[in-house]
Amino acid sequence: MDKQFFSGNPEDVAEKLLGCQLVRHKDNQILKGRVVETEAYLGEEDPGSFASRGRNVRNSLMFETYGKFFIYLSYGVHYMLNITAGRNTVGSVLIRAVEPLKGIEDMKVLRGKESVEGLTNGPGKLTQAFGIDEYFNGKSALGGTLRIEEGCHEEPVERSGRIGISRGEDIELRFYLGGNDFVS
DNA sequence: AGGAAGATCTACT
DNA sequence: GTAGATCTTCCTA
């Protein structure tokens with residue numbers, strides 16, 4: 001995986017990320033998950049994006065970088081995991097769901113759950129399962145104790161409007177793997 | 001200085 | 001299906 005992967009516009013990067021692996025090294029354990037659902041957030045022209053009202057302290061990473069993690073707290077309790085995209089465009093990609101591959105027992109402990117069902121099928125759930133917080137904000141997605149690695153998928157890519165936003169929800173910028181059980 | 005909204009999740013009915 | 005928790009950030013006065 002090289003930085004070039006994230007240089008395209010957020011919409012293309014969001015689709016390309018499907019099937020890639022999210023890898024986390026934590027306390028000598030390795031946690032892995034396969035990305036099955038993403039959403040693209042664009043620049044000032046996208047009413048659903050944090051970038052729509054111009055650059056500010058919170059969204060500056062969307063303007064300045066690509067290939068870096070962008071993490072923020074939502075509703076005071078859940079960390080959202082994004083990766084900035086676009087060398088010449090503003091935006092980022094939200095990871096909404098992953099399929100657990102490795103370290104599932106550790107994920108259950110972090111989530112306080114007994115079963116795999118509902119373990120990582122939501123943006124706030126997967127950050128909890130992987131032990132992700134603002135420590136990773138601004139760090140490269142290419143290396144380190146949290147990173148993205150290459151992967152593949154057999155499932156067809158489906159597309160829909162984005163979830164949980166009040167403006168721009170009719171724009172189809174959500175991508176997911178059809179038939180996968182871990183889509184939110 | 002204060003208020004409102006928010007890229008969510010869980011529990012309860 | 002719906003309501004409540006919870007707290008940071010940004011916008012307005």
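Throughout, protein chains are lettered first and strands after them, A, B, ... in sequence-line order, and every chain is numbered starting at 1.
Within 4.0 Å of A/Ser49, counting heavy atoms only, lies no atom of the nucleic acid at all. Contact annotation for A/Arg111: backbone-only contact, meaning every heavy-atom pair under 4.0 Å involves sugar-phosphate atoms and none involves a base. Among the atoms of the strands shown, only primed sugar atoms or phosphate atoms (P, OP1, OP2) are found under 4.0 Å from some heavy atom of A/Arg58.
In this structure, CD1 of A/Ile95 is placed 14 Å from P of B/dT8, rounded to the nearest angstrom. In this structure, A/Asn56 places its CG atom 15 Å from P of B/dG6, rounding to the nearest Å. Atom-to-atom, OH of A/Tyr79 to P of B/dT8 comes out at 16 Å; the value is rounded to the nearest Å. Taking atom CZ on A/Arg167 and atom P on B/dG6, their separation rounds to 6 Å, with Å as the unit. Distance CD (A/Glu169) to C1' (B/dG6): 14 Å, rounded to an integer number of Å. When the C1' atom of B/dT8 is taken as reference, atom CD1 of A/Ile71 falls 16 Å away, rounded to whole Å. Separating the CG atom of A/Leu73 from the P atom of B/dT8 is a distance of 12 Å, rounded to the nearest angstrom. Regarding A/Leu81, its CG atom lies at a distance of 13 Å from the P atom of B/dT8, rounded to whole Å.
Where A/Ser166 and A/Asn121 meet DNA chain B, the nucleotide closest to each residue was compared, and A/Ser166 sits on the side nearer the 5' end.
Residue A/Lys125 places at least one side-chain N or O closer than 4.0 Å to OP1 or OP2 of B/dT10.
Taking the charged nitrogens against the carboxylate oxygens, A/Arg174 and A/Glu172 have no contact shorter than 4.0 Å, which rules out a salt bridge. Salt bridge annotation for A/Glu169-A/Arg162: absent, with no cationic side-chain nitrogen under 4.0 angstrom from a carboxylate oxygen. Looking at A/Glu114 and A/Lys108, no side-chain N of the basic residue comes within less than 4.0 Å of a carboxylate O on the acidic one, giving no salt bridge.
Taking the 5.5 Å centre cut-off and the 30° plane limit, the aromatic side chain of A/Tyr41 is classed as stacked on B/dA7.
In this structure, B/dA7 makes no Watson-Crick or G-U wobble pair, since no nucleotide meets both defining distances under 3.5 angstrom.
In the interface, the side chain of A/Tyr72 is paired with the base of B/dA7 through a donor and an acceptor atom under 3.5 Å apart.
By the salt bridge (Lys or Arg N to Asp or Glu O under 4.0 Å) test, A/Arg159 is found to be paired with A/Glu11, residues two or more places apart in sequence or in another chain being considered.
More than 12 heavy atoms of other shown residues, nucleotides or ligands fall within 6.0 angstrom of atom CD in A/Glu45.
Distances were taken from every side-chain heavy atom of A/Arg53 (C-beta onward) to each of B/dT10, C/dC11, C/dT6; the shortest belongs to C/dC11.
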